[in-house]
Amino acid sequence: MAEKAKFDREAAFKSIIGAGRQSEDIAPSAAEEKNAKKNSDRVQRAYYLDRDIDKALRRMALEEGKNLTESVNDALRAGLTKYL
């Protein structure tokens, strides 16, 4: 029986990013650096919301011209003033 070929991670990596480049050569863009600074004091969490609350948050974001994260943060800050 023929021996199974082994997966070459380095060759796969080079084929994806290009043979002449290394992972260290890839510099983050200005937008990525800005997002990294912006998100440095944030954490990502997942919660289950009631459907009506989700709809209200989306409507609030749309009407205020904000993204959903900003709207959720605003709503939570308003509700958590006692604890902040």
Side-chain angles (χ1 to χ4, degrees):
M1 204 171 226
E3 190 175 322
K4 193 173 186 179
K6 294 192 178 196
F7 179 71
D8 185 359
R9 293 180 71 137
E10 187 67 25
F13 178 76
K14 286 181 179 179
S15 72
I16 292 170
I17 66 164
R21 297 174 64 189
Q22 296 294 324
S23 63
E24 294 80 24
D25 295 338
I26 302 171
S29 69
E32 289 172 338
E33 288 179 8
K34 181 181 175 186
N35 284 338
K37 289 178 184 176
K38 180 180 175 183
N39 292 331
S40 65
D41 61 338
R42 290 185 169 178
V43 294
Q44 183 175 358
R45 299 285 185 254
Y47 299 100
Y48 289 98
L49 300 174
D50 293 338
R51 196 171 303 276
D52 59 334
I53 293 172
D54 180 59
K55 285 182 181 180
L57 285 168
R58 291 180 185 276
R59 187 177 317 131
M60 181 175 124
L62 184 63
E63 289 179 4
E64 294 180 358
K66 297 180 180 179
N67 66 37
L68 194 55
T69 298
E70 293 169 335
S71 295
V72 169
N73 280 330
D74 290 346
L76 289 173
R77 284 185 195 284
L80 296 172
T81 53
K82 176 181 173 183
Y83 302 100
L84 290 174

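Model, not experiment: these values are computed from the prediction.
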Sorted by chain and number, sequence neighbours left out, side-chain contact (heavy atoms from CB on, under 4.5 Å) with D8 holds for E10, A11
Sequence neighbours excluded, the answer for side-chain contact (heavy atoms from CB on, under 4.5 Å) partners of Y83 is L80
L57 and L62: same hydrophobic cluster, using ILVMFWY side-chain contacts below 4.5 Å?
no
For residues 63-73, the salt bridge (charged side-chain N to carboxylate O under 4.0 Å, His left out) pairs (sequence neighbours left out) are E64-K66, K66-D74
Notebook entry, point to check: If you group Ile, Leu, Val, Met, Phe, Trp and Tyr by side-chain heavy-atom gaps below 4.5 Å, do F7 and I16 land in one group?
Noted result: no
**Asked** In terms of hydrophobic clustering (I, L, V, M, F, W, Y; side-chain heavy atoms under 4.5 Å; direct or indirect links), are M60 and L76 co-clustered?
**Response** no
Sub-3.5 Å donor-acceptor pair from the side chain of D50 to the main-chain atoms of D52, do we have one? no
Side chain to side chain donor-acceptor pair (under 3.5 Å) filter on R59, not counting sequence neighbours, yields none
Apart from Y47 itself, members of its ILVMFWY cluster (side-chain separation under 4.5 Å) are none
Sorted by chain and residue number, the side chain to side chain donor-acceptor pair (under 3.5 Å) partners of D54 (sequence neighbours excluded) come out as R58
